[in-house]
Amino acid sequence: MSVLTRRRLLRRAALSATAATAARVSVRAAAGAAAAAPLLAACDAETDPDRRDAAEDPAADPERRLGLRFPDGFRWGAATSAYQIEGAAKEDGRGASIWDTFSHTPGRTRNGDTGDVAADHYHRYPADLDLMKDLGLRTYRFSISWPRVQADGTGKANQRGLDFYRRLVDGLHERGIEPMATLFHWDLPQALQDTGGWESRDVAYRFGDYAAAVFDALGAAVPVWLTINEPKTVVQNGYIGGHHAPGHRDPSAAYLVAHHLQLAHGLAVRALRAATGKPRIGPALNLHPCYPADGSPEAAAASTLYDGYENRLYLDSILRGAYPQDVLDDLGPDSRLVRGIHDGDLAVIASPVDLVAVQYYTPYYVRGDGETEMRWPASEAFWQQIYPDGLYDMLTRITRDYGRIPLTITENGLPCPDKLADDGTVDDPGRVDFLRDHFAAAHRAIAAGVPLESYHVWSLMDNFEWAEGFDQRWGLVYVDYATQRRILKRSAHWYRGVIRDNTV
Ligand code: FCB
């Protein structure tokens with residue numbers, strides 16, 4: 001493993017150990033106050049003095065639309081995931097997942113928060129469906145909880161778990177909203193973790209069986225399926241940084257995990273083809289444009305390798321049937337990834353997909369020494385730089401490098417310090433600014449020839465943000481956790497207008 005890789009891994013581990021707040025403060029300082037102006041200011045009303053200036057600046061009018069019309073048939077939506085909203089952790093035969101274990105381990109999540117109740121969506125889904133209809137959503141992306149369908153990750157499917165998703169899917173259809181389901185959004189059955197988790201090749205085959213059971217029950221009712229949410233985050237946060245379940249810090253295991261997650265993806269694609277020919281399927285990848293931090297050849301080389309780990313490790317395997325050689329060379333021939341590849345694995349991983357789901361949050365600026373720098377204002381999530389052009393760059397790059405495969409955006413959004421005001425409103429102008437600028441970047445990408453068909457804001461509603469617990473609010477809809485009341489934020493009202501007019 002190269003020096004660069006080792007540095008990268010150590011840095012990630014260090015980042016995860018850093019208190020988020022402290023990191024956020026230093027990151028903001030690095031971003032520079034001037035560059036931060038309207039977006040950051042609007043998003044952090046309490047602490048940033050620029051907030052007042054932004055409020056007085058007519059160009060920062062949060063209701064402003066740009067007059068950019070999207071193609072007819074473009075579908076606007078929102079996304080969630082099972083563990084983050086459902087709650088009902090022990091109901092109807094649901095087994096434990098690694099996130100139940102992790103969140104119940106002292107010190108792992110902020111304030112010791114867990115997804116036991118979360119937004120109680122399991123019980124409140126009819127009202128949530130009405131809310132989606134009220135917003136005008138055309139598509140809704142949710143995930144299926146593996147331990148609801150197979151409590152221990154194997155064997156006969158639990159009908160009560162499947163029934164919940166059947167009711168949800170039917171409810172979406174009744175309201176004219178297209179369901180988009182993710183098979184796996186990180187909540188691995190704990191029983192499978194106990195047999196080795198994603199380090200075990202067998203778990204990929206268990207996932208293929210689980211996918212087949214889900215397709216059997218729901219396959220034809222869901223027009224678009226996504227396999228594994230952000231395999232990279234499992235690799236980096238679950239197995240290198242250790243700040244996500246299962247909380248390991250083992251870089252050598254991490255890239256074997258990357259391989260098994262992708263094998264599982266390919267097995268699920270094949271299971272869908274075997275079950276029914278009709279619905280479409282693809283991976284859900286968080287992709288980060290990587291730019292050299294300066295003009296030096298060292299920064300160019302380091303940024304290219306960084307891109308390999310962040311993007312090509314997942315895109316090349318699925319869309320070209322080969323892992324990127326520079327990453328394989330960097331990991332070395334004795335790495336567990338290289339030794340873990342069996343004959344035929346890449347053919348499974350590269351089973352043809354119908355679309356690629358892109359999740360975009362932040363770019364990286366890579367220095368010659370392999371470290372990254374902040375360039376743009378950060379959000380409440382210390383790792384997120386607000387840079388809408390990065391979305392344009394990533395979308396156009398996929399089309400340029402991998403051809404005209406249909407794309408959907410399945411996550412994009414930011415956390416804001418939203419508060420429920422005395423008059424019952426939640427004012428989040430920073431989120432409106434953020435969404436408008438990112439929608440405009442997507443519009444430019446479409447104009448440049450990118451076959452982008454839909455856009456899902458992360459997230460429909462505030463939810464359990466993993467290690468950050470309930471502190472970070474990412475929703476269009478505010479959740480008052482004490483009462484479970486839902487309140488449309490200003491951004492939700494604004495988004496409803498965008499959807500109605502198909503115009504940003
Ligand atoms: C993504 C996750 C999603 C949510 C957002 C903020 O990486 O897929 O569940 O946590 O980040």
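FYI, side chains are in, hydrogens and waters are out, and symmetry mates aren't considered; it's all heavy atoms of this structure. Counting convention: from 1, in listed order, for ligands and their atoms alike. FYI, the numbering just counts along the sequence from 1.
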Exercise. Using the six-membered ring of Tyr122, assess whether NZ or CZ of Arg148 lies under 6.0 Å from its centre and within 45 degrees of the ring axis.
Key: yes
Exercise. Just say parallel, tilted or perpendicular for the rings of Trp458 and His185, cut-offs at 30° and 60°.
Key: parallel
Quiz item: Gln385 side chain to Trp376 main-chain N or O, any donor-acceptor pair under 3.5 Å?
Solution: yes
Exercise. Indicate the ring-plane relationship of Phe434 and His438, choosing parallel, tilted or perpendicular according to the 30° and 60° boundaries.
Key: parallel
Exercise. Evaluate the side-chain contact (heavy atoms from CB on, under 4.5 Å) criterion for residues Asp134 and Arg496: first the C-alpha distance (whole Å), next the side-chain angles of each, then the deciding distance (0.1 Å), finally the verdict.
Key: CA-CA 8 Å; Asp134 177 40; Arg496 180 165 41 199; 2.9 Å; yes
Exercise. Using a strict 4.0 Å threshold on nitrogen-to-oxygen distance, state whether Arg473 and Asp428 make a salt bridge.
Key: no
Quiz item: If you count only heavy atoms, which residues are under 4.0 Å from ligand 1?
Solution: Gln84, His185, Trp186, Asn229, Glu230, Gln359, Tyr361, Glu411, Trp458, Glu465, Trp466, Trp474
